[in-house]
**Q** 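Shown below is the structure under consideration.
Throughout, protein chains are lettered first and strands after them, A, B, ... in sequence-line order, and every chain is numbered starting at 1. What you are looking at is a predicted structure, and each value in this text was computed from that prediction instead of being measured.
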Amino acid sequence: MPSDAIRAALISRLRVSSGISEDDVKEIEALPISVRQFPAETPVVRDGERATDCCLIVDGFCVRSKTISSGKRQILSIHIPGEIPDLMSLFLHVMDHDLTTLTPCTLGFINHETLRKLHHRRVTLAEMFWRDTLIDAAMFREWIVNVGQRPAPARLAHVMIELRERLRLIDRVDGSSFEMPLTQEQIGEALGITAVHANRVIKQLRQDGIVEFHRGRVTVLDEPKLLELADFDGRYLHQSPTL
DNA sequence: GCATTAACGAAAT
DNA sequence: ATTTCGTTAATGC
(Lines give C-alpha, C1' and ligand atoms only; values in the text may rest on other atoms or scores of the structure.)
Protein backbone atom coordinates (compact mmCIF):
# COMPACT_ATOMS: atom_id res chain seq x y z
CA MET A 1 0.00 0.00 0.00
CA PRO A 2 1.43 3.40 -0.99
CA SER A 3 2.33 5.77 1.80
CA ASP A 4 -0.21 8.46 0.86
CA ALA A 5 -3.05 5.94 0.95
CA ILE A 6 -2.06 5.01 4.49
CA ARG A 7 -2.38 8.61 5.65
CA ALA A 8 -5.21 9.71 3.36
CA ALA A 9 -8.11 9.21 5.77
CA LEU A 10 -6.27 10.84 8.69
CA ILE A 11 -5.33 13.86 6.61
CA SER A 12 -8.79 14.27 5.14
CA ARG A 13 -10.26 14.14 8.64
CA LEU A 14 -7.82 16.74 9.97
CA ARG A 15 -8.43 18.88 6.91
CA VAL A 16 -12.16 19.24 7.41
CA SER A 17 -12.34 19.11 11.20
CA SER A 18 -9.24 21.11 12.09
CA GLY A 19 -8.20 22.96 8.94
CA ILE A 20 -4.71 21.50 8.77
CA SER A 21 -1.96 23.52 7.04
CA GLU A 22 0.06 22.18 4.13
CA ASP A 23 3.24 22.20 6.23
CA ASP A 24 1.58 19.95 8.76
CA VAL A 25 0.28 17.68 6.02
CA LYS A 26 3.92 17.25 4.95
CA GLU A 27 4.88 16.35 8.53
CA ILE A 28 2.26 13.64 8.62
CA GLU A 29 3.29 12.37 5.22
CA ALA A 30 6.83 12.02 6.54
CA LEU A 31 5.80 10.16 9.71
CA PRO A 32 7.24 6.68 9.99
CA ILE A 33 4.31 4.29 10.27
CA SER A 34 4.61 0.53 10.36
CA VAL A 35 1.64 -1.14 8.76
CA ARG A 36 0.23 -4.50 9.77
CA GLN A 37 -2.80 -6.52 8.77
CA PHE A 38 -5.22 -7.80 11.41
CA PRO A 39 -7.99 -10.35 11.00
CA ALA A 40 -11.54 -9.59 12.18
CA GLU A 41 -12.36 -9.95 15.88
CA THR A 42 -8.75 -9.67 17.01
CA PRO A 43 -7.42 -7.69 19.97
CA VAL A 44 -5.03 -4.89 19.03
CA VAL A 45 -4.21 -3.74 22.55
CA ARG A 46 -5.70 -5.22 25.68
CA ASP A 47 -6.83 -3.75 28.95
CA GLY A 48 -3.82 -3.63 31.29
CA GLU A 49 -1.18 -3.76 28.58
CA ARG A 50 1.50 -1.14 28.21
CA ALA A 51 1.28 0.60 24.87
CA THR A 52 4.40 1.71 23.00
CA ASP A 53 2.70 2.86 19.82
CA CYS A 54 -0.49 4.62 18.79
CA CYS A 55 -2.66 2.87 16.29
CA LEU A 56 -3.94 4.58 13.15
CA ILE A 57 -6.79 2.78 11.44
CA VAL A 58 -5.87 2.72 7.78
CA ASP A 59 -8.73 0.49 6.74
CA GLY A 60 -11.46 -1.44 8.53
CA PHE A 61 -13.51 -0.92 11.69
CA CYS A 62 -12.49 -1.30 15.35
CA VAL A 63 -14.22 -1.02 18.71
CA ARG A 64 -13.11 0.00 22.15
CA SER A 65 -14.69 -1.99 24.96
CA LYS A 66 -14.50 -3.07 28.57
CA THR A 67 -15.41 -6.49 29.92
CA ILE A 68 -16.65 -6.95 33.49
CA SER A 69 -15.96 -9.97 35.68
CA SER A 70 -19.24 -11.65 34.72
CA GLY A 71 -17.94 -11.70 31.15
CA LYS A 72 -20.36 -9.08 29.85
CA ARG A 73 -18.80 -6.63 27.44
CA GLN A 74 -19.70 -3.00 26.92
CA ILE A 75 -18.73 -1.51 23.58
CA LEU A 76 -17.67 2.07 24.25
CA SER A 77 -17.02 3.41 20.78
CA ILE A 78 -16.75 2.43 17.15
CA HIS A 79 -13.75 3.55 15.12
CA ILE A 80 -13.23 4.06 11.41
CA PRO A 81 -10.33 4.68 9.01
CA GLY A 82 -8.32 7.82 9.72
CA GLU A 83 -8.88 7.68 13.45
CA ILE A 84 -6.31 6.97 16.17
CA PRO A 85 -8.46 5.34 18.85
CA ASP A 86 -5.65 4.91 21.38
CA LEU A 87 -4.09 8.36 21.05
CA MET A 88 -4.39 8.78 24.81
CA SER A 89 -1.95 5.92 25.34
CA LEU A 90 0.73 8.45 24.42
CA PHE A 91 0.29 9.85 27.92
CA LEU A 92 -1.71 7.12 29.67
CA HIS A 93 0.59 4.22 28.94
CA VAL A 94 -1.28 1.39 30.60
CA MET A 95 -4.46 0.57 28.71
CA ASP A 96 -7.72 0.87 30.68
CA HIS A 97 -9.82 -0.84 28.01
CA ASP A 98 -9.52 -3.12 24.98
CA LEU A 99 -9.10 -2.13 21.37
CA THR A 100 -10.33 -4.86 19.03
CA THR A 101 -10.84 -5.18 15.30
CA LEU A 102 -14.38 -5.67 14.08
CA THR A 103 -13.52 -6.41 10.46
CA PRO A 104 -10.19 -7.33 8.87
CA CYS A 105 -8.08 -4.21 9.37
CA THR A 106 -5.03 -2.49 8.03
CA LEU A 107 -3.47 -0.73 11.01
CA GLY A 108 -0.58 1.71 11.10
CA PHE A 109 1.51 1.92 14.26
CA ILE A 110 3.20 5.17 15.16
CA ASN A 111 5.83 4.97 17.86
CA HIS A 112 5.18 7.05 20.97
CA GLU A 113 8.64 8.58 20.87
CA THR A 114 8.33 9.82 17.29
CA LEU A 115 4.84 11.11 18.02
CA ARG A 116 6.10 12.98 21.07
CA LYS A 117 8.91 14.56 19.06
CA LEU A 118 6.37 15.62 16.46
CA HIS A 119 4.36 17.32 19.21
CA HIS A 120 7.43 19.31 20.21
CA ARG A 121 8.30 20.23 16.65
CA ARG A 122 4.82 21.27 15.52
CA VAL A 123 2.62 22.97 18.10
CA THR A 124 -0.24 23.29 15.64
CA LEU A 125 -0.27 19.53 15.15
CA ALA A 126 -0.10 19.01 18.91
CA GLU A 127 -3.17 21.24 19.22
CA MET A 128 -4.94 19.20 16.59
CA PHE A 129 -4.31 15.99 18.51
CA TRP A 130 -5.47 17.74 21.69
CA ARG A 131 -8.65 18.72 19.91
CA ASP A 132 -9.05 15.21 18.64
CA THR A 133 -8.92 13.66 22.10
CA LEU A 134 -11.33 16.30 23.42
CA ILE A 135 -13.80 15.39 20.71
CA ASP A 136 -13.25 11.77 21.66
CA ALA A 137 -14.30 12.68 25.21
CA ALA A 138 -17.34 14.55 23.89
CA MET A 139 -18.35 11.44 22.01
CA PHE A 140 -18.10 9.42 25.21
CA ARG A 141 -20.38 11.88 26.99
CA GLU A 142 -22.93 11.48 24.24
CA TRP A 143 -22.55 7.69 24.41
CA ILE A 144 -23.31 7.76 28.16
CA VAL A 145 -26.44 9.83 27.60
CA ASN A 146 -27.45 7.51 24.81
CA VAL A 147 -27.10 4.27 26.75
CA GLY A 148 -28.26 5.73 30.06
CA GLN A 149 -31.33 7.70 29.04
CA ARG A 150 -32.67 7.01 25.58
CA PRO A 151 -35.12 4.24 24.73
CA ALA A 152 -33.55 1.39 22.78
CA PRO A 153 -34.76 2.38 19.28
CA ALA A 154 -33.39 5.89 19.80
CA ARG A 155 -30.08 4.45 21.00
CA LEU A 156 -29.69 2.51 17.80
CA ALA A 157 -30.79 5.43 15.63
CA HIS A 158 -28.32 7.72 17.38
CA VAL A 159 -25.36 5.38 16.97
CA MET A 160 -26.23 4.97 13.32
CA ILE A 161 -26.37 8.69 12.62
CA GLU A 162 -23.18 9.44 14.50
CA LEU A 163 -21.33 6.76 12.58
CA ARG A 164 -22.68 8.12 9.32
CA GLU A 165 -21.64 11.68 10.08
CA ARG A 166 -18.12 10.52 10.88
CA LEU A 167 -17.94 8.34 7.78
CA ARG A 168 -18.98 11.36 5.75
CA LEU A 169 -15.70 13.14 6.59
CA ILE A 170 -13.73 10.39 4.90
CA ASP A 171 -16.14 10.12 2.00
CA ARG A 172 -17.45 6.71 3.00
CA VAL A 173 -21.18 7.40 2.75
CA ASP A 174 -22.76 6.12 -0.43
CA GLY A 175 -25.96 8.10 -0.89
CA SER A 176 -28.37 6.86 1.76
CA SER A 177 -26.31 3.87 2.82
CA PHE A 178 -23.13 3.24 4.75
CA GLU A 179 -21.21 0.46 6.45
CA MET A 180 -21.90 -0.54 10.03
CA PRO A 181 -20.28 -3.95 10.32
CA LEU A 182 -21.65 -5.07 13.69
CA THR A 183 -23.49 -8.28 14.41
CA GLN A 184 -26.72 -8.01 16.38
CA GLU A 185 -24.84 -9.38 19.37
CA GLN A 186 -22.35 -6.49 19.05
CA ILE A 187 -25.13 -3.95 18.56
CA GLY A 188 -26.55 -5.24 21.83
CA GLU A 189 -23.18 -4.77 23.51
CA ALA A 190 -22.99 -1.22 22.20
CA LEU A 191 -26.52 -0.29 23.29
CA GLY A 192 -26.63 -2.15 26.60
CA ILE A 193 -29.37 -4.56 25.53
CA THR A 194 -29.44 -8.27 24.71
CA ALA A 195 -28.98 -9.53 21.16
CA VAL A 196 -32.61 -10.70 21.13
CA HIS A 197 -33.79 -7.24 21.99
CA ALA A 198 -31.42 -5.70 19.47
CA ASN A 199 -33.12 -7.88 16.90
CA ARG A 200 -36.54 -6.61 17.98
CA VAL A 201 -35.38 -3.00 17.77
CA ILE A 202 -33.93 -3.48 14.29
CA LYS A 203 -37.14 -5.14 13.22
CA GLN A 204 -39.16 -2.23 14.50
CA LEU A 205 -37.06 0.37 12.64
CA ARG A 206 -37.47 -1.73 9.52
CA GLN A 207 -41.23 -2.06 9.93
CA ASP A 208 -41.58 1.65 10.56
CA GLY A 209 -39.82 2.27 7.27
CA ILE A 210 -36.99 4.22 8.92
CA VAL A 211 -33.89 2.17 8.10
CA GLU A 212 -32.92 -1.12 6.56
CA PHE A 213 -30.06 -3.01 8.20
CA HIS A 214 -28.61 -5.95 6.40
CA ARG A 215 -25.22 -7.67 6.56
CA GLY A 216 -23.43 -4.79 8.17
CA ARG A 217 -24.90 -2.06 5.99
CA VAL A 218 -27.42 0.59 6.94
CA THR A 219 -29.74 2.12 4.39
CA VAL A 220 -31.72 5.14 5.51
CA LEU A 221 -35.27 5.10 4.21
CA ASP A 222 -36.76 8.03 6.10
CA GLU A 223 -34.21 10.63 7.11
CA PRO A 224 -36.54 13.00 9.01
CA LYS A 225 -38.02 10.16 11.06
CA LEU A 226 -34.55 8.84 11.83
CA LEU A 227 -33.33 12.23 13.02
CA GLU A 228 -36.36 12.73 15.19
CA LEU A 229 -36.14 9.27 16.69
CA ALA A 230 -32.43 9.66 17.44
CA ASP A 231 -32.84 13.11 18.99
CA PHE A 232 -29.60 13.87 17.18
CA ASP A 233 -27.71 17.12 17.57
CA GLY A 234 -24.31 16.78 15.96
CA ARG A 235 -22.67 19.71 17.75
CA TYR A 236 -20.77 17.38 20.06
CA LEU A 237 -18.83 16.03 17.09
CA HIS A 238 -17.27 19.47 16.55
CA GLN A 239 -16.71 18.75 12.90
CA SER A 240 -16.01 22.28 11.80
CA PRO A 241 -12.92 24.09 13.10
CA THR A 242 -13.84 26.55 15.88
CA LEU A 243 -16.35 29.34 15.60
C1' DG B 1 -21.39 -18.96 13.49
C1' DC B 2 -25.58 -15.47 12.96
C1' DA B 3 -30.53 -13.88 12.51
C1' DT B 4 -35.14 -14.54 13.77
C1' DT B 5 -39.12 -15.47 16.41
C1' DA B 6 -42.22 -17.28 20.13
C1' DA B 7 -43.45 -17.69 24.75
C1' DC B 8 -43.26 -16.20 29.31
C1' DG B 9 -42.56 -13.25 33.10
C1' DA B 10 -40.64 -9.18 35.35
C1' DA B 11 -40.03 -4.45 35.50
C1' DA B 12 -40.83 0.09 33.99
C1' DT B 13 -43.90 3.71 32.40
C1' DA C 1 -52.87 -1.28 31.62
C1' DT C 2 -49.46 -1.15 28.29
C1' DT C 3 -44.86 -1.21 26.81
C1' DT C 4 -40.21 -2.56 27.27
C1' DC C 5 -36.95 -5.91 28.13
C1' DG C 6 -34.40 -10.38 29.56
C1' DT C 7 -34.36 -15.32 29.40
C1' DT C 8 -34.86 -19.55 27.20
C1' DA C 9 -35.44 -22.21 23.49
C1' DA C 10 -36.47 -23.43 18.92
C1' DT C 11 -35.77 -22.74 13.87
C1' DG C 12 -33.58 -21.51 9.70
C1' DC C 13 -29.60 -19.67 7.39
Side-chain angles (χ1 to χ4, degrees), chain A residues 36-47 57 59-81 83 85 97-107 139-164 166-167 172-233 236:
Chain A
R36 284 165 59 200
Q37 298 292 138
F38 279 69
E41 291 292 328
T42 307
V44 181
V45 250
R46 286 188 173 87
D47 199 346
I57 303 178
D59 198 24
F61 287 70
C62 293
V63 290
R64 285 196 275 169
S65 65
K66 278 180 92 99
T67 301
I68 60 174
S69 46
S70 73
K72 290 200 173 194
R73 179 170 82 145
Q74 177 68 47
I75 290 178
L76 304 164
S77 56
I78 302 169
H79 293 279
I80 65 175
E83 295 182 343
H97 60 276
D98 299 307
L99 174 63
T100 312
T101 63
L102 223 42
T103 63
C105 280
T106 306
L107 303 179
M139 286 166 45
F140 277 120
R141 289 191 285 276
E142 194 64 32
W143 197 278
I144 290 170
V145 172
N146 201 43
V147 168
Q149 299 300 331
R150 287 198 254 261
R155 290 182 213 176
L156 179 56
H158 198 280
V159 168
M160 283 175 165
I161 296 179
E162 182 198 292
L163 184 62
R164 183 187 63 181
R166 287 159 55 209
L167 285 169
R172 288 269 205 139
V173 179
D174 178 16
S176 61
S177 90
F178 56 93
E179 241 184 300
M180 180 166 160
L182 308 214
T183 65
Q184 297 189 359
E185 179 70 43
Q186 291 162 343
I187 288 176
E189 288 173 328
L191 304 184
I193 61 181
T194 61
V196 171
H197 197 53
N199 182 275
R200 289 194 281 242
V201 170
I202 292 165
K203 182 184 173 188
Q204 193 200 315
L205 294 198
R206 196 178 358 245
Q207 280 173 348
D208 293 349
I210 298 173
V211 296
E212 179 56 276
F213 179 72
H214 191 59
R215 301 171 94 265
R217 177 158 282 271
V218 179
T219 304
V220 178
L221 304 173
D222 191 330
E223 177 71 20
K225 264 196 204 170
L226 181 63
L227 283 170
E228 195 202 310
L229 175 63
D231 188 31
F232 189 81
D233 177 345
Y236 73 96

**Q** Quick one: A/Gln184 CD to C/dC13 P, roughly how many Å, whole number?
**A** 16 Å

**Q** May I have the distance from A/Ile187 (atom CD1) to B/dC2 (atom P), rounded to whole angstrom?
**A** 12 Å

**Q** Can you tell me which residue among A/Gln74, A/Lys72, A/Arg73, A/Gln184 is in a side-chain hydrogen bond (donor to acceptor under 3.5 Å, both in side chains) with A/Glu189?
**A** A/Arg73

**Q** Any chance you could measure A/Phe178, atom CZ, to A/Arg217, atom CZ, to the nearest 0.5 Å?
**A** 9.0 Å

**Q** Would you kindly give the CZ-to-P distance between A/Arg150 and C/dT4, to the nearest whole Å?
**A** 17 Å

**Q** To the nearest angstrom, how far is A/Leu102 atom CG from B/dC2 atom P?
**A** 11 Å

**Q** Measure CG/A/Asp208 against P/C/dT3 and give the value in whole Å, please.
**A** 14 Å

**Q** Round to a whole Å and report the spacing from CD of A/Gln204 to P of C/dT4.
**A** 7 Å

**Q** Students often get this wrong, so: under 4.0 angstrom with heavy atoms, is A/Ala152 touching a base, only sugar-phosphate, or nothing?
**A** sugar-phosphate

**Q** Checking all strands, does A/Gly192 fall into the base, sugar-phosphate, or nothing category for heavy-atom contacts under 4.0 angstrom?
**A** sugar-phosphate

**Q** Base, sugar-phosphate or nothing for A/Thr183? Non-hydrogen atoms, less than 4.0 Å.
**A** sugar-phosphate

**Q** Which letters describe nucleotides 6-13 of chain B, given B = protein heavy atom under 4.0 Å from base, S = only from sugar-phosphate, - = neither?
**A** BB------

**Q** Do any side-chain atoms of residues 150-164 of chain A form donor-acceptor pairs under 3.5 angstrom with protein atoms, and if so which ones, sequence neighbours left out?
**A**
from, atom 1, to, atom 2, distance (Å)
A/Arg150, NE, A/Asn146, OD1, 2.7
A/Arg150, NH1, A/Asp231, OD2, 3.4
A/Arg150, NH2, A/Glu142, OE2, 2.8
A/Arg150, NH2, A/His158, NE2, 3.1
A/Arg155, NE, A/Arg150, O, 2.7
A/Arg155, NH1, A/Leu191, O, 2.7
A/Arg155, NH2, A/Arg150, O, 3.3
A/His158, NE2, A/Glu142, OE2, 3.2
A/Glu162, OE1, A/Tyr236, OH, 2.7
A/Glu162, OE2, A/Arg166, NH1, 2.7
A/Arg164, NH1, A/Glu223, OE1, 2.7
A/Arg164, NH2, A/Glu223, OE2, 2.8

**Q** Looking at A/Asn199, does any N or O in its side chain come under 4.0 Å of the phosphate oxygens OP1/OP2 on B/dT4?
**A** yes

**Q** Please report the distance, rounded to the nearest Å, between CD1 in A/Ile193 and P in C/dT3.
**A** 19 Å

**Q** Need one value for A/Arg206: base, sugar-phosphate or nothing, where a base atom within 4.0 Å counts as base even if backbone is also close, heavy atoms only.
**A** sugar-phosphate

**Q** Treating A/Thr103 as the side-chain partner and A/Gly60 as the backbone partner, does any N or O pair qualify as donor plus acceptor under 3.5 Å?
**A** no

**Q** So, the side chain of A/Thr183 versus the backbone of A/Gln186: is there a donor-acceptor pair under 3.5 Å, distance only?
**A** yes

**Q** Around atom CZ of A/Arg46, are there more than 12 heavy atoms from other residues, nucleotides or ligands closer than 6.0 Å?
**A** no

**Q** Donor-acceptor check, side chain of A/Thr42 to backbone of A/Thr101, threshold 3.5 angstrom: yes or no?
**A** no

**Q** Contact class for A/Ile202 vs. all strands (heavy atom < 4.0 Å): base, sugar-phosphate, or nothing?
**A** nothing

**Q** Rounded to whole Å, please give me the gap between CE in A/Met180 and C1' in B/dA3.
**A** 15 Å

